[in-house]
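Written out below as structure tokens is the structure these notes cover.
Here the structure is a predicted model, which means the values were calculated and not measured. Here is how names work: the chains are called A, B, and so on, in the same order as the sequence lines, proteins then strands, and each is numbered from 1.
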Amino acid sequence: MRWSQLFVPTLRDAPNDAVAPSHALLVRGGFIRQLHAGHYSMLPMGWRVHQKVAQIVREEIDAIGGQEFLLPTMHPAEIWKQSGRWDTMGEIMFRLVDRKGGDTALGITHEEIFATVASELSSYKQLPQLWYHIQTKFRDEARPKSGLLRVREFHMKDSYSFDIDQAGLDRQFDAHDAAYRRIFERIGVPAFGVEASSGAMGGNSSVEFMTPSDAGEDDVARCANCGYSANIEKATSALPAVTDDAPPPAPERFATPGVRTIAALEEFEGGAAADRQLKTLVMMLDGEIVLAVVRGDHQLNVQKLIDATGAITVRAAEPEEALAALGARPGSLGAVGVTDLRIIMDEALRGRTNMTTGANTDDWHLRGVDVARDITVSAWADLREVSAGEACVNCGQPIEIVRCIEIGHIFKLGTVYAEKFGVMVSDADGKEAPVVMGSYGIGIGRNMAAAVEANYDDKGIIWPVSIAPFECVITLMRLDEATLAAGEQMYTELKAAGVDVLLDDRDARAGVKFADAELVGIPYRITVGPKGLASGEVEVTERRSGETINVALDAVVATVAERVAGATQTRKS
RNA sequence: CGGGAUGUGGCGCAGCUUGGUAGCGCACCUGCUUUGGGAGCAGGGGGUCGAGUGUUCAAAUCACUCCAUCCCGACCA
């Protein structure tokens, strides 16, 4: 390809609304352009990278036995009603109505659709199966952000495994775990797996793959000592044991005029330390008022509450709703004596006595509360969010909290979809058995952005060779006959040697060409000009290190081809 | 959804307070000179200022409504 003919609209200034480095650089480098919030056009350079990422994903999934499909993007409502997710998915799903009045949805994921296809499986002898496609997903995100990192329309590789038993699922799950690690290594994104909440996908266990980045949206609790790592939505930690004084025979009411917060009650004469208080959160779960109680110095993690209750929509109750339900305003609320509401109690409060909490009368609190004795607990659950510095549950060393981008997520689904969609096969005894499923997702565009987040400097992107839009650029310093001829010969020979090469034949100054090559992140640059040609040499510059070596004209093709091959791990299979 | 901010040629911005029908840098086109790290000079093209309504002799500028985009938050009693 000749740069003079290639549409690469590079920008000297980043759009001022691009905050994440990958967003700013992909726009500046002429890879993407925004159409509207959460929808991006892939320009030629961007699409080249996207396709290379997708191809690596394809190779690795093929290598563990994947069969590539292409399923529809638009789905009838019925299939989503059959799984129950038409209602549970809520506003994330784009919905439309066709000319006949039929409810239709744009696919956010494809468990339902693949399960429908899989209902034609009939014998355990056909298993295992591993099916996948790389296809557009639509998700009406509440807040698209950070360029390609969170969008409403994107390509995802989603695969689905079908096995006769749990052991088979475990094997396919582990195979994906390994394949995903190879993918991230090949595309140059540092990654590690974490325990995760399965959320709306259902199923019994899942692993998320994370890459550390300030541009991310997930917090991960990690232990540097033993390697424990879990999404903050799932993470636990060990707390020091607490011994409470024996409580009085019954809670005591006491006046606390003007005290509205945990901190204020700590200061108040006759109050209590935060870790001796009960924090009562009034939550609205699918329209039902529920009390979630955590220790005064702890914070509720909403996803944990969702996982513990199976709720679909969760929000904090409005102060008026709390007043109506409990008779007091936030700041004076408590669970003691409440019998008409579900009360979910955090595990950290198990066995606690002599606690202080709101009395459900404005400006009054209760002390001497024994959690087990005085509160009608509906369920105990892990609700609290862990904090940096707390002790690791495995080894006791302090944990850290790391901001990450979620770059992949794999789920063990079990038989839930099989049962809903009749994916039944005859087992070895001739009896009908539900197929055990797994699902595995990886966003192509997000990984492209994550690769930028992990590979850039003040000059621009530093693409890993494996996914660079071009592996090498030949920068012509002049467009005189000799330079052009040398460059074109080199271009032809590099192509023949299998190198993905771009010829910068633009009539522009050296500085412009150098700056553009660096901004768009091409790993190797061959600089060809009259100066070098006079002594039969050209320069080869590596983008990442900035190092330049002089190479004899007749050796440059072999030199570059060798380096490119050395930097690209291709699958041997 | 809550809060904040912003919408003026392709990109970055000024003008708005104190209304008088649009300006700068980069980019683009032409010419000359230049040419190994984002050239110089000269000439030129392109916007009616997010949309609508209102006030006014007159609106980018004032008022109201709407739309869009970005950021933060969405338990913190």
Can you see whether A:D363 engages A:T256 through a side-chain donor-acceptor pair at a distance of less than 3.5 angstrom? no
Quote, to the nearest angstrom, the P distance that separates B:C72 from B:U65. 27 Å
Students often get this wrong, so: under 4.0 angstrom with heavy atoms, is A:V282 touching a base, only sugar-phosphate, or nothing? base
Could you check how far CG of A:N550 sits from P of B:G36, rounded to whole Å? 17 Å
Ion pair check, A:R478 and A:D480, cut-off under 4.0 Å: no
Please tell me if A:R509 has a side-chain N or O lying less than 4.0 Å from either OP1 or OP2 of B:U35. no
Would you call the rings of A:H50 and A:H155 parallel, tilted or perpendicular, taking 30° and 60° as the class edges? perpendicular
Hits for side chain to side chain donor-acceptor pair (under 3.5 Å) against A:K513, two or more places apart or cross-chain, chain-then-number order -> none
Under a 4.0 Å threshold between the charged nitrogen and the carboxylate oxygen, would A:R295 count as salt-bridged to A:D346? no
Give, for atom CG of A:D370 and atom CZ of A:R352, the distance between the pair rounded to the nearest 0.5 Å. 11.0 Å
If you compare every side-chain N and O of A:Q34 against the phosphate oxygens of B:C70 (OP1, OP2), does one of them come in below 4.0 Å? yes
Pairwise P distance, B:U8 and B:C62 [rounded to whole Å]: 16 Å
Distance check: side-chain N/O of A:R143 vs OP1/OP2 of B:C71, anything under 4.0 Å? yes
P atom, B:G52 versus B:A39: distance in rounded Å? 41 Å
Distance in angstrom units between A:D362 CG and B:A77 P, rounded: 15 Å
When you measure only distances, ignoring hydrogens and angles, does the side chain of A:E518 come within 3.5 Å of the base of B:G37 through a donor and an acceptor? yes
Trace of the salt bridge (Lys or Arg N to Asp or Glu O under 4.0 Å) decision for A:D457 with A:K459: CA-CA 5 Å; A:D457 62 15; A:K459 291 175 177 165; over 6 Å; no
Would you please indicate yes or no on a ring centroid separation below 6.0 angstrom for A:Y456 and A:W463? no
Roughly how far apart are A:D507 CG and A:S4 OG, rounded to 0.5 Å? 10.0 Å
Using a strict threshold of under 4.0 Å (side-chain N to carboxylate O), is an ion pair present between A:R403 and A:D218? no
Check this for me: does any side-chain nitrogen of one of A:E141 and A:R152 sit under 4.0 Å from a carboxylate oxygen of the other? no
Let's see if you get this right: which residues in residues 7-16 of chain A place a heavy atom under 4.0 Å from RNA chain B? A:R12, A:D13, A:A14, A:P15, A:N16
Short side-chain N/O contact to B:G2 OP1/OP2 from A:R315, under 4.0 Å: no
Within the structure shown, what part of the strands sits under 4.0 Å from A:D516 by heavy-atom distance: base, sugar-phosphate, or nothing? base
Send over the distance from A:D297 CG to B:C75 C1', rounded to a whole Å. 15 Å
For nucleotides B:C49 and B:U6, find the distance between their C1' atoms and express it as a whole number of Å. 14 Å
For atom CZ of A:R478 and atom P of B:U34, their distance in whole Å: 11 Å
Under a 4.0 Å threshold between the charged nitrogen and the carboxylate oxygen, would A:R446 count as salt-bridged to A:E453? no
Could you tell me whether A:V512 contacts a base, only the sugar-phosphate backbone, or nothing, with contacts defined as non-hydrogen atoms closer than 4.0 Å? base
d(CG, A:L383; P, B:C76) in whole Å: 15 Å
Give the rounded distance in Å between these two atoms: CD1 of A:I262 and P of B:C75. 17 Å
Taking atom C1' in both B:C11 and B:G46, what distance in whole Å separates the two? 14 Å
C1' atoms of B:C66 and B:G25, separation to the nearest Å: 34 Å
In whole Å, I'd like the distance from the CG atom of A:D219 to the P atom of B:C72. 13 Å
With rounding to whole Å, what would you report as the distance between B:A59 and B:U21 at their P atoms? 11 Å
Heavy atoms under 4.0 Å, any strand shown: does A:S146 hit a base, just sugar-phosphate, or nothing? sugar-phosphate
For atom C1', what is the distance between B:C28 and B:A60, given to the nearest Å? 25 Å
Hey, which sits more toward the 5' end of RNA chain B by its nearest nucleotide, A:R329 or A:R33? A:R33
Tell me whether the OP1 or OP2 atom of B:U69 has a side-chain N or O from A:K145 closer than 4.0 Å. no
What residues in residues 524-545 of chain A put a non-hydrogen atom under 4.0 Å from any atom of RNA chain B? A:R525, A:T527, A:G529, A:K531, A:G532, A:E539
Along RNA chain B (nearest heavy atom to each residue), the more 5'-positioned of A:R28 and A:M283: A:R28
Tell me: CG of A:D17 to C1' of B:C13, nearest whole Å? 14 Å
